[in-house]
Amino acid sequence: MGFEKFLFYCFAAIALASAGMVISRRNPVHAVLWMVVTFVSGAALWILLEAEFLGIVLILVYVGAVMVLFLFVVMMLDVDIATLRACFIRYLPLGAAVALLMLGEIVWIVGPANFGLTHFPSPPAAGLDVNNTHDLGMSLYTTYVYPVELAAVLLLVAIVAAIRLTMRRRTDTKTIDPAVQSRVKKGPDRIRIVKMASVGPLETPETLAEAKDEPR
Amino acid sequence: MPFNSANLLPILPEIAILITAAVVLVVDLYLKEKDKGVNHVLALIGLLVAFVLTGLVGGGERVLAFDGNVVRDLMSDLLKAGALIVSALTLVYARPWLKDRNLLAGEFYVLSLCAVLGMLVMISANTFLTLYLGLELLALSLYALVAFDRDSKLGSEAAMKYFVLGALGSGLLLYGISMIYGATGSIELGAVARAVAEQGSGNKVLVFGVAFLVIGIGFKFGAVPFHMWVPDIYEGAPTPVAMFLGSAPKIAAFAMIVRLLVEGLNALHTDWQGMLAILAVLSIGLGNVAAIAQSNIKRMFGYSTISHVGFIFLGLLAGSTQGYASAMFYTLTYALMAAGAFGILTILSREGFDAQNLEDLKGLNERDPWYAAMMALLMFSAAGVPPTVGFMGKLLVLEAVVRVDMVWLALVAVFFSIIGAFYYLRVVKFIYFDQPTTAVPIVTTGGVRAAMTVNGLAILFLGLFPAALLGLCQAAFP
C-alpha cells in the first residue's frame, strides 16, 4: 500500500466520521464545526486527486466564508433543536430501512463491477509542468463560457430575490437622514423661542398642596 | 481557440431578454410609484424583441454553438416562440391585479424575465450542464415569485414547499445525470446518445440513471406520484404567479424531457417508456378524480394540470415522431389554455378580493358576456370538446398511442377524460345557469380585453385549423 493510498484512507475515514458527527451533535455550533472538518478532509482528498485549485477553493470559499456565515446564523437564530428532533426516533426505523436499501442499490451499481479499475484505469500522474489553475481557467472561459455566464445570471437572480423578500421600508426606526440633517436652517429649525409670562404666583410644594385641598 | 462571434447568433433571443431584465432593474430605481407601469411596457418590448429575434435567427439547419453547449433547431424555435407569447400574455393579465395590491414592483418583471431567460436556455440546451443551469434559473425565479406577496402567509408557505420539493427534484435529476455521465463519459447530449446507442440497456448504470432522470422530470412536471406540491403551490401563490408558473414553464419542461430522453437516451426508449406509462396513467387518473372534489378553483386547476401532464407523457412515451409532435402540440396549446383560464381569475379579482372559489364564477354571463364566452371556450378546450383545440390535442395524442399498439393506455386516458369533463363543464354551468353572487361590475383595461380575446379565439381557431401549428410541430421531429 503506497503512501498516497494510506493518506486517502486516513482522510476518507476522517471525512466519514466527522460527517456522522455533523448529524448526531445536539449543539448546532458543534455540528457546524464538525462540518468544517468534513470540508477540510474533502479538500485533502481533492488535492490527492491532483485537483489542487478546487481543493484550495473549497477551503477558502466554504470553510473561510460560507461556514463562518453559517456559524453566525446558527449563533444568532434561536433554533429549538429539541422540537426538530422530536420525531427523530419515531421515523428512524423507516428512514434507516430506506437508507440501507438505497445504500445497497448504490453499492451494487457504483461498485467495482461497473466502476472498477478494470473499467476506468487510473490516469498517469500529471507532471510538474501542468498548471491546474491555468487549465481550469482556460476551459472555464473558452469551452464553458456560456454556463459560466448563466451561473452569473443565477447569482443576480439570487440577489434580487433575497432583497425583494427581506428588505422592507420600516417607518418606526429612529434613524436620521444626514441629507435632511444638513439642510437644517438656523432660524426656525434649530431654535424655537417660546414666550412665557415673566411673573406669576410663586409655586412651592406648600402652595400646590393648599390649592389641591381647596374645595371647588 | 479564438471566439467566433457567429456563436452569438443562436442566443440572440436570450441576450435580448437578459438586457431587458437588466434595464428594468436599473430603470426601476428612478421611477416614481405612479410611473411603475413603465417596467411593464419595457418587459413587453423585451419579449417582443426576443420573439422577433427568434424568428430572424430561426429556421433552417440545426446549429450548435458555444462548443456544443447550445443548440438551435426547429423545435427550439417553435418552443421559444410559444414560451415568449404565453409569457407576454400572462404579464398583460397580471398587471391590473398587481396594481390593485401595490405589488407592481420592478422586481416582479425582473424575476419574470429571468424565469423566461431560464426557459429559453432550457429549450436550447445541448449539454446536461446548460440544461440544469436553465432549470435552476427558472426555478429560483419562480420560488421568489411565489413568495412575492411578502405579507401573505399562504404565499410564504407555498414558496417554502416549492423550494424544498424543487431542491429534492433537482437533487434526484443531478444524481441521474451523474450516473449517465459516469457511464458515457460526456455531458454533451450528442456524445451521450452515441455512447448509449453502443451500450444499450445492458448497462445497469444507464438504466439506474434513467430511473433517477425520470423521477426528477416527474418532480419538475408535477406528475403523480411526485405531484404533492402542485395543488398547494397553485393555491398559495398569488394568482398571476400561479398563472405564470402553470403555463410557460410547461413548454420549457417539455423541451427538457425531449432533450434528455429523446435526444440523449433514445436507445433506452423501452426502459423509460414503461416508467412514463406508469406516471401518465396515475397522473390522468388521480388528477381528474381529485379535481372533482375541489371547491377552490386554483386548486382545481392544479389537479387539472396534473392530468394534462399525463397526456403530454402519453404522447412522448409512444416513441414515434408522430407521438413527439402531438405531445408538442398538446403542450403549446395547453400553456395557452392555462394562461387564459388563470387570466379570467385575475380579471374577476379586484382590490381587496381574490377570485379563487368556484362560486366566484357564478353568473359571469350576466356580468360580462364576452369574458363568459371566452372562459367557456377555455373550459371546453380543457375538457376536450370539439371544435376547440383541446379536442385536437387529445385526439392527436391518442392516435399516436393507438398507432404503437398501446390501445389500453388510450382507453384509460379516454375513460378518465370523460370523468374530468364533469368538473370543467360544472364551471360552464356556473357561468351560464347560476345567478351572480355580487353586483360589483367587472372593470378591465382595453389591453387585458384584447389579450383575452386573442387568447380565447386562438383556442377556437387552432381547433378549427390545426394544420399550420401541427405542421410546424411535425417539422420539428423529422
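Values below: every heavy atom of this structure, side chains too, minus hydrogens, waters and symmetry copies. Each chain gets a letter, A, B and so on, in the order the sequences are listed, and its residues count up from 1. Quantities reported herein were computed from a predicted structural model and do not represent experimental measurements.
Each salt bridge (Lys or Arg N to Asp or Glu O under 4.0 Å) pair with one or both residues in residues 127-154 of chain B, not counting sequence neighbours, appears once here: A/R168-B/D151. Residue pairs satisfying the ring pair (Phe, Tyr, Trp, His ring centres under 6.0 Å) criterion with at least one member in residues 109-161 of chain B, sequence neighbours excluded, are listed as follows: B/H40-B/Y109, B/F108-B/F148, B/Y143-B/Y162, B/Y143-B/F163.
Contact annotation for A/V153: both backbone and side-chain heavy atoms come within less than 4.5 Å of a heavy atom of chain B. Contacts between B/L206 and chain A at a heavy-atom distance below 4.5 Å are absent for every atom of the residue. Within the 4.5 angstrom heavy-atom criterion, only side-chain atoms of B/F208, from C-beta onward, approach chain A. Proximity to chain A involves both the backbone and the side chain of B/L137, based on heavy atoms less than 4.5 angstrom apart. When heavy atoms are compared at a cutoff of 4.5 Å, B/V70 approaches chain A solely by way of its side chain, counted from C-beta outward. Residue contact with chain B, scored on non-hydrogen atoms closer than 4.5 Å, involves the backbone and the side chain of A/Y144 alike. Residue B/V110 touches chain A through its side chain alone, counting heavy-atom pairs closer than 4.5 Å. In this structure, no portion of A/A162 lies under 4.5 Å from any heavy atom of chain B.
Of the listed residues B/G185, B/G182, B/A159, the one with more heavy-atom pairs under 4.5 angstrom with chain A than any other is B/G182.
In this structure, CD on A/E149 lies 8.0 Å from CZ on B/F66, to the nearest 0.5 angstrom. Put simply, CZ on A/R164 and CG on B/L145 are 9.5 Å apart, with the number rounded to the nearest 0.5 Å. With rounding to the nearest 0.5 Å, the separation of OG1 in A/T142 from CG in B/D67 is 6.5 Å.
Residue A/Y62 qualifies as open at atom OH: its count of foreign heavy atoms under 6.0 Å is 12 or below. Enclosure of atom CZ in A/F120 by more than 12 non-hydrogen atoms of other residues, nucleotides or ligands within 6.0 angstrom is indicated. For A/F115, the CZ atom counts as densely surrounded, since its 6.0 Å shell holds more than 12 non-hydrogen atoms of other residues, nucleotides or ligands. The neighbour count for B/Y175 OH, taken as heavy atoms of other residues, nucleotides or ligands under 6.0 Å away, is above 12.
The heavy-atom pair separating A/P147 from B/T130 by the smallest distance is CG-OG1, 4.4 Å. What you find for B/S141 and A/V157 is that their closest heavy atoms are OG-CG1, 3.6 Å. Closest non-hydrogen pair, B/A144 versus A/L165, comes out as O-CD2, 4.0 Å. Shortest non-hydrogen contact noted between B/N69 and A/T143 is ND2-O, 3.0 Å.
By the side chain to side chain contact (heavy atoms under 4.5 Å, CB included) test, A/M75 is found to be paired with A/V29, A/L71, residues two or more places apart in sequence or in another chain being considered.
Scanning residues 12-28 of chain B against chain A with a 4.5 Å non-hydrogen threshold yields B/E14, B/L18, B/L25, sorted by number.
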(request) List the steps and the verdict of side chain to side chain contact (heavy atoms under 4.5 Å, CB included) for A/Y146 and B/V121. (result) CA-CA 10 Å; A/Y146 185 63; B/V121 169; 3.7 Å; yes

